[in-house]
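Below is one structure, written out as structure tokens, with a few remarks after it.
Quick note: numbers below take in every heavy atom, side chains included, and nothing from hydrogens, waters or symmetry partners. Nothing fancy with the numbering, it's 1 onward along the sequence.
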Amino acid sequence: MTQIPPLNALRAFEAAGRFLNFRAAAEDIGVTQGAVAQQVRMLEARLGVRLFERLPKGLAFTAAGRGYHARIAEAFAAIREATGTLLPEAGKVTISVTPSLAAKWLIPNLPAFTTAHPDIDLRILATEATSSFQTDGVDLAIRLGNPPFGASLDAWLLFLNEVVAVAAPSLLPDNAPVTPERLAGLTRLHTSHDTWPAFLSLLGLRDKGARGLRFSQVALAIDAALAGQGVVLASRFLVAPDLAAGRLVQVVPDVLHGAADFHLLSPRGARRTDSVALVVEWLLERAAMDKSGAV
């Protein structure tokens with residue numbers, strides 16, 4: 001840290017380099033013209049390099065000053081951007097969700113959201129990693145979990161994690177009832193959640209480790225099921241539109257209740273803008289409509 005010049009001097013240099021004028025730089029950063037000039041002189045003395053040529057009507061970069069200013073300006077831009085992600089911005093709401101939940105539930109519902117709230121800039125951060133409300137600038141998150149979530153968070157239950165086995169109708173052309181034994185013989189589509197052993201146990205079957213296809217995301221496995229490639233286990237709400245449209249069928253009536261459910265999380269305090277509150281209200285209403293079977 002001893003090699004880093006004082007930040008006040010760097011700030012004065014960055015402003016002076018943008019305007020090539022001490023007076024304009026002083027007005028921009030809210031200090032006197034003499035203070036900017038003094039800070040730049042101190043910086044030049046510390047570096048042992050002349051950064052500006054003083055002209056009768058302003059400044060001109062030296063070769064060293066031009067190159068140094070480009071790097072310093074980039075550093076201040078990065079600081080401004082990083083700081084901006086921490087500050088609430090009217091009309092902007094960032095929500096963190098898993099890629100599968102984004103693809104199969106949130107994105108299909110976005111047209112309805114845009115119609116209801118055209119002035120809100122909803123930004124979707126789709127990631128399997130747990131996002132930070134602070135460092136990632138996230139306002140809301142939808143995640144699998146169980147309360148309590150901590151005193152600093154508000155939490156609302158969106159969906160129970162009701163896992164069902166679904167497949168394309170083309171996989172069962174005879175329309176015959178699917179017995180547990182027949183299900184065990186169908187191609188399984190696996191995901192990182194690895195719920196097949198628990199589901200087969202629910203049916204009274206032992207998992208014999210039959211071959212199947214493996215996917216890193218539930219959304220990909222659902223797409224494979226839609227293509228008739230096998231049976232997938234998925235949360236009911238993620239496949240509800242496909243079930244309603246007949247693109248998928250529930251092959252057995254049994255339901256596996258997951259160990260954790262889908263909750264909407266939000267930090268308490270100053271980050272709760274009016275826009276965030278509206279998004280929370282809309283998400284809860286949309287989830288309630290989906291659970292009731294409303295269109």
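Glu281 CD to Trp156 CH2: the interatomic distance, rounded to the nearest 0.5 Å, is 11.5 Å. How far CG of Leu189 is from CZ of Arg214: 10.5 Å, rounded to the nearest 0.5 Å. Leu256 CG to Glu162 CD: the interatomic distance, rounded to the nearest 0.5 Å, is 10.5 Å.
Inter-residue side-chain proximity for Glu44 and Val40 is flagged as met; some heavy-atom pair is nearer than 4.5 Å. A heavy-atom distance below 4.5 Å is not found between the side chains of Leu233 and His190. Between Leu20 and Phe52, the closest side-chain pair of non-hydrogen atoms falls below 4.5 Å. Annotation: side chain of Asp242 is not in contact with side chain of Val166 (no heavy-atom distance under 4.5 Å). At a threshold of 4.5 Å between non-hydrogen side-chain atoms, the residues Trp105 and Val97 do not count as touching. Looking at heavy atoms from C-beta onward, Leu226 lies in side-chain contact with Leu248 at the 4.5 angstrom threshold. Side-chain contact between Leu144 and His193 is present, with at least one heavy-atom pair separated by less than 4.5 Å. No side-chain heavy atom of Asp139 sits under 4.5 Å from any side-chain heavy atom of Val279.
Looking at Thr32, its side chain does come within 3.5 Å of a backbone N or O of Ala35 through a donor-acceptor pair. The backbone N or O of Glu14 sits less than 3.5 Å from a side-chain atom of His69, completing a donor-acceptor pair. Between the Asn161 side chain and the Ala259 main chain, no donor and acceptor come within less than 3.5 Å of each other. Remark: the backbone N or O of Asp28 is not paired with any side-chain donor or acceptor of Arg18 at under 3.5 angstrom. Distance alone, capped at 3.5 Å, is enough to place a donor-acceptor pair between the Ser100 side chain and the Ala219 backbone. The backbone N or O of Ala129 lies less than 3.5 Å from a partner atom in the side chain of Thr127, making a donor-acceptor pair. Between the side chain of Ser275 and the backbone N or O of Gly91, at least one donor-acceptor pair lies under 3.5 Å. In this structure a side-chain-to-backbone donor-acceptor pair under 3.5 Å is present from Thr62 to Arg50. Side-chain N or O atoms of Thr115 include one that pairs as donor or acceptor with a backbone N or O of Pro111 at under 3.5 Å. No donor-acceptor pair under 3.5 Å is formed between the side chain of Gln217 and the backbone N or O of Glu128.
Asp154 and Ser266 share no side-chain donor-acceptor pair at under 3.5 Å.
Nearest heavy atom pair, residue Ala73 against residue Arg80, reads O-NH2, 4.5 Å.
Considering Leu171, Leu172, Val231 as possible partners of Val178, the one that fulfils the side-chain contact (heavy atoms from CB on, under 4.5 Å) test is Leu172.
Phe159 and Leu157 fall into different hydrophobic clusters, where Ile, Leu, Val, Met, Phe, Trp and Tyr residues are linked whenever their side-chain heavy atoms come under 4.5 Å apart, directly or through other members. Hydrophobic clustering, with ILVMFWY side chains joined whenever heavy atoms are under 4.5 angstrom apart, groups Leu205 together with Val163. Cluster annotation: Ile142 is not connected to Leu160 through the hydrophobic network of ILVMFWY side chains, with a link wherever side-chain heavy atoms come within less than 4.5 Å.
Look at Lys104 and Asp223 and you find a salt bridge, because one of the NZ, NE, NH1 or NH2 atoms lies within 4.0 Å of a carboxylate O, short of that distance.
Using a 30° and 60° split on the angle between ring planes, His117 and Phe113 fall in the tilted class, from 30° to 60°.
The distance between the ring centers of Tyr68 and Phe61 does not fall below 6.0 angstrom.
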